[in-house]
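Note that ligands are numbered from 1 as they come in the structure, with each ligand's atoms numbered from 1 the same way.
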Amino acid sequence: MIGFFDRLARPLLRALEPENAHALTINALKFAFLRPPADDPRLAARLFGLNFKNPIGIAPGFDKNAEVPDALLRLGFGFVEVGTVTPRPQGGNPRPRVFRLETDEGVINRLGFNSAGASVVLARLAARAQAGGIVGVNIGANRDSSDRTADYIQLIEKLAPVASFITVNLSSPNTPGLRDLQHGLMLDNLLARVVATRNRVVPQAGHTPVLLKIAPDLSLIDLDDVVGIARARHIDGIIVSNTTISRPAALRDRATAAQPGGLSGRPLFALATRMLAETYVRVEGAFPLIGVGGIDSGEAALAKIRAGADLVQLYSGLIFRGLGLLAEIKNALLRELEHENADRLSELVGTDAAAVTAEKWPE
Ligand SMILES: Cc1cc2nc3c(=O)[nH]c(=O)nc-3n(C[C@H](O)[C@H](O)[C@H](O)COP(=O)(O)O)c2cc1C
């Protein structure tokens with residue numbers, strides 16, 4: 001099924017406008033007959049109190065409205081993060097708002113949190129609640145909200161009962177002012193309220209791990225603050241990173257690169273991996289990290305783990321490499337375990353972090 005899809009459907013999808021191709025893919029997944037592959041137990045990990053069958057997740061933005069989480073789990077992802085979900089439905093920015101940089105294997109998007117809203121996502125996740133598997137929910141504020149912190153609080157109250165974990169997304173570049181919430185007192189106040197809310201809903205929702213997803217464009221001084229606050233407020237983990245507003249010098253498709261929005265895919269890899277390593281050395285093992293940004297091979301996934309990621313996520317790499325990428329990464333991780341004579345991936349986590357932080361800053 002996956003080979004069929006990659007050989008026949010993907011060339012067609014690549015010829016379509018990116019958002020139409022995406023809508024078609026979601027619809028195909030709704031009807032696909034998939035049998036989950038059995039994962040090698042050496043890929044399993046227990047983190048945040050959750051049992052992951054393998055460490056590879058699908059990043060948010062792919063299934064924003066929780067239409068196909070079970071199909072994604074059956075494809076072999078170890079976890080799915082749906083969203084970003086906003087409290088009220090909103091349309092996002094005008095189209096076109098997703099652009100492929102074909103030669104660079106990158107994507108620029110300025111979707112702007114197009115979301116069916118929390119009630120729709122709640123109903124879908126409640127309907128599959130017994131199906132098992134790890135399905136996290138990424139939450140964000142409505143663009144026109146007068147109290148963005150209140151939006152996050154409301155979303156946790158509403159969605160924690162159906163979420164394996166919640167990700168507080170403060171790092172989308174496409175909602176004006178959102179990323180300001182990553183700074184100082186604003187972040188401290190927000191995370192204090194987020195954690196208090198999560199604790200308050202434990203009787204209805206059980207313990208829901210709360211993660212923070214950060215931008216790769218933070219300065220290292222800001223990162224010091226973010227990690228310090230995250231540790232002081234006892235959040236459960238950090239996801240590094242969202243898309244970048246920077247444009248690496250090596251980009252070849254300069255015309256598309258001029259589009260405003262967040263850049264993902266291969267051109268993001270170096271910066272996101274550097275920020276991951278920088279986060280890892282600051283976190284000092286206080287909580288796990290999820291590495292995301294530009295993973296398009298087994299080698300790239302392994303580099304994220306060695307830079308400090310307990311888990312990884314991908315999105316753009318699937319567009320350019322196809323669904324076969326997932327099996328390729330699993331095989332590469334198992335080969336590396338054998339090569340290193342290691343029993344678990346956790347033995348490899350962060351082994352290169354210090355070395356990565358000593359490299360020249362990625363351009
Ligand atoms: C089309 C598109 C939509 C995205 N939407 C979201 C989103 O709603 N919430 C979010 O936290 N990240 C979103 N992202 C960012 C991804 O989750 C991920 O952090 C980023 O793309 C880097 O990973 P990648 O290089 O593997 O794509 C989106 C990315 C793309 C390409």
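Sequence neighbours left out, the pairs with a member in residues 126-147 that pass salt bridge (charged side-chain N to carboxylate O under 4.0 Å, His left out) are Asp70-Arg128, Arg88-Asp144.
Here Phe62 pairs with His22, Tyr315 under the ring pair (Phe, Tyr, Trp, His ring centres under 6.0 Å) rule; sequence neighbours left out. Legend: residues meeting ring pair (Phe, Tyr, Trp, His ring centres under 6.0 Å) with Phe52, ordered by chain and number and at least two apart, are Phe79.
Contacts of ligand 1 (protein heavy-atom distance under 4.0 Å) are Ala59, Pro60, Gly61, Lys64, Gly83, Thr84, Val107, Asn109, Leu111, Asn138, Asn169, Lys213, Ser241, Asn242, Thr243, Ser264, Gly265, Leu268, Val292, Gly293, Gly294, Leu314, Tyr315, Ser316.
A donor atom on one side chain and an acceptor atom on the other are not found under 3.5 Å apart for Lys64 and Thr84. With no hydrogens or angles considered, a side-chain donor-acceptor pair links Asn20 and Arg95 at under 3.5 Å.
Taking CD of Glu278 as the start and CG of Leu218 as the end, the distance is 11.5 Å to the nearest 0.5 Å.
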